[in-house]
Structure formats: C-alpha cells, structure tokens
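Quick caveat, the model's predicted, so the values are computed rather than measured.
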Amino acid sequence: MGTVLGAMRNVRWHELQHAYGSASQVPGVLSRIAWGDAPTSDEALSDLERWIGTPPVFDSTAATVPFLWELAATDTVRDRAGVLDLLATILAAGNPEHPAWTRAAHDAVTGGRATAARLAATPEAQDAPHVPGAPHAPGAPHAPGAQAVRTAAARLLTAIDRHACPACPAPPPREA
C-alpha cells in the first residue's frame, strides 16, 4: 500500500462489525475503490455502502470514514463523487440501539468539513482552458467528473452544516 490508505493497517478491523459480520474485508474494499478499474471500483463502493452506510451505522463505520475522506481527496480515485455521496449517506444514517456509534460516525463525517469545502470550491472548467486533443490530467478542473465532485461536495457541505440528530449535540453557531 502506498501513502493513500497506508494507515488502514493501524485499525483492528477484525474486531469491528458491519451489517453482515466482521469488518475484516473493509481494507480490501477500500483498496478496490482506490485502485480498481471502473467496474471493480463501482462494485466495491456499492458493497461498502451496504456494509457500513445503510441504516443502521456500525462500529466499523466511524473507523472507515477517515479513509473515505482520504479517497474523496485523492484525484486518481475514479468515483470521488460516489465516495462523497456515501459520506452523506453515513451522516444521514443512525443506529438507535447504539447512539455512540452514530455519534462517532457523524463526528468523523463532520470532521472532514474542510475537505468538503475545498472540493466544493475547486475552480470551474472554464478557469482552466483545455487544448483540443490534449489528454485530461487526473484531478484537473476539466477532468471528467470534476463537476460531479464539486456538486457532491457542495451537497455534503450543506448536509454537514445543517446536521442535527438525537445522537449528536448541537454544533456551535458558525461565524459568517
């Protein structure tokens, strides 16, 4: 594993649970999202959403969120907008039987607000002119999917700023 997702080895995944059992498979799924081809990455993102993102959240959800933020911020990840949407799903989910898991997951999502703000503010395509016939650089403002990332990040930023649930304390008012 390179720098991206390198800290996954520090999590005791086998001690955590997701919707279908042990979370020991989560590192492999995150790796497939990071480095897989389009079908592999899409399938992995779908698996992860079913495992940790659908109500209810699990103890593995909070452990996974920092790596999702890392993937969302990595230009070479194929479906960064999908990763951001999964973060929004986690923020909207909860587990009434385990409010501490809910709060931990929500805190992990809201803790990435600065990343969402940066991704939402990425310059528009017209700010970086494209030479016809030249390849798109990964992560460039005009790269395929850049608008989808900006849109997903803006939606997530709004959800973070408006987040309120029984498991989470009311955030302090934001200064304008």
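- Glu49 approaches Thr89 most closely through the heavy-atom pair OE2-OG1, 3.9 Å.
- The backbone N or O of Ala164 lies less than 3.5 Å from no partner atom in the side chain of His106, so there is not a single donor-acceptor pair.
- Judged by distance alone, with hydrogens and angles left aside, the side-chain atoms of Thr110 form no donor-acceptor pair with the main-chain N or O of Ile160 at under 3.5 Å.
- Scanning for side chain to side chain contact (heavy atoms under 4.5 Å, CB included) contacts around Ala19 gives Phe58, with sequence neighbours left out.
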### side chain to side chain contact (heavy atoms under 4.5 Å, CB included) evaluation trace for Val65 with Asp107
CA-CA 10 Å; Val65 167; Asp107 285 350; over 6 Å; no

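- Taking Asp37 as the reference, Thr40 meet the side chain to side chain donor-acceptor pair (under 3.5 Å) condition, with sequence neighbours excluded.
- Nearest approach of Ala73 to Thr115, heavy atoms of both residues: CB-CG2, 4.0 Å.
- Here the closest non-hydrogen pair linking Thr102 and Ala167 is CG2-CB, 3.7 Å.
- Legend: side chain to side chain donor-acceptor pair (under 3.5 Å) pairs involving residues 60-70, not counting sequence neighbours: none detected.
- Counting only residues at least two apart or on different chains, the side chain to side chain donor-acceptor pair (under 3.5 Å) pairs with a member in residues 20-29 are His18-Gln25, Ser22-Ser24.
- Side-chain atoms of Asn95 come within 3.5 Å of backbone atoms of Val57 as a donor-acceptor pair (strictly under, hydrogens ignored).
- Counting all heavy atoms, side chain and backbone alike, Ala108 lies closest to Ala62 at CB-O, 4.1 Å.
- Applying the side chain to side chain contact (heavy atoms under 4.5 Å, CB included) test to Thr158 and every residue at least two apart in sequence or in another chain returns Arg162.
- Counting only residues at least two apart or in different chains, ring pair (Phe, Tyr, Trp, His ring centres under 6.0 Å) contacts with residues 71-105 comprise His98-Trp101.
- With sequence neighbours excluded, the residues forming a side chain to side chain contact (heavy atoms under 4.5 Å, CB included) with Thr151 are Gln147, Arg155, listed by chain and number.
- For Asp42, there are no salt bridge (charged side-chain N to carboxylate O under 4.0 Å, His left out) partners, not counting sequence neighbours.
- Inter-residue side-chain proximity for Ile33 and Asp79 is flagged as unmet; no heavy-atom pair is nearer than 4.5 Å.
- Side chains of Val109 and His163 form no contact here, defined as non-hydrogen atoms less than 4.5 Å apart.
- With sequence neighbours excluded, no residue forms a salt bridge (charged side-chain N to carboxylate O under 4.0 Å, His left out) with Arg78.
- Scanning both residues, Ala34 and Leu71, for their nearest heavy atoms gives CB-CD2, 3.5 Å.
- Every residue two or more places apart in sequence or in another chain was checked for a salt bridge (charged side-chain N to carboxylate O under 4.0 Å, His left out) with Arg118, and none qualifies.
- Partners of Ala117 by side chain to side chain contact (heavy atoms under 4.5 Å, CB included), not counting sequence neighbours, listed by chain and number: Arg113, Leu157.
- Closest approach of Pro66 to Ala63, counting heavy atoms only: CD-O, 3.5 Å.
- For the pair Leu68/Ile90, a side-chain contact is recorded, criterion being any heavy-atom separation below 4.5 Å from C-beta on.
- Leu48 places none of its side-chain heavy atoms less than 4.5 Å from the side chain of Phe67.
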### Message
side chain to side chain contact (heavy atoms under 4.5 Å, CB included) for Leu16 and Val11? Distances and angles first, verdict last.
### Response
CA-CA 9 Å; Leu16 302 175; Val11 177; 4.0 Å; yes

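- For Glu43, there are no salt bridge (charged side-chain N to carboxylate O under 4.0 Å, His left out) partners at least two apart in sequence or on another chain.
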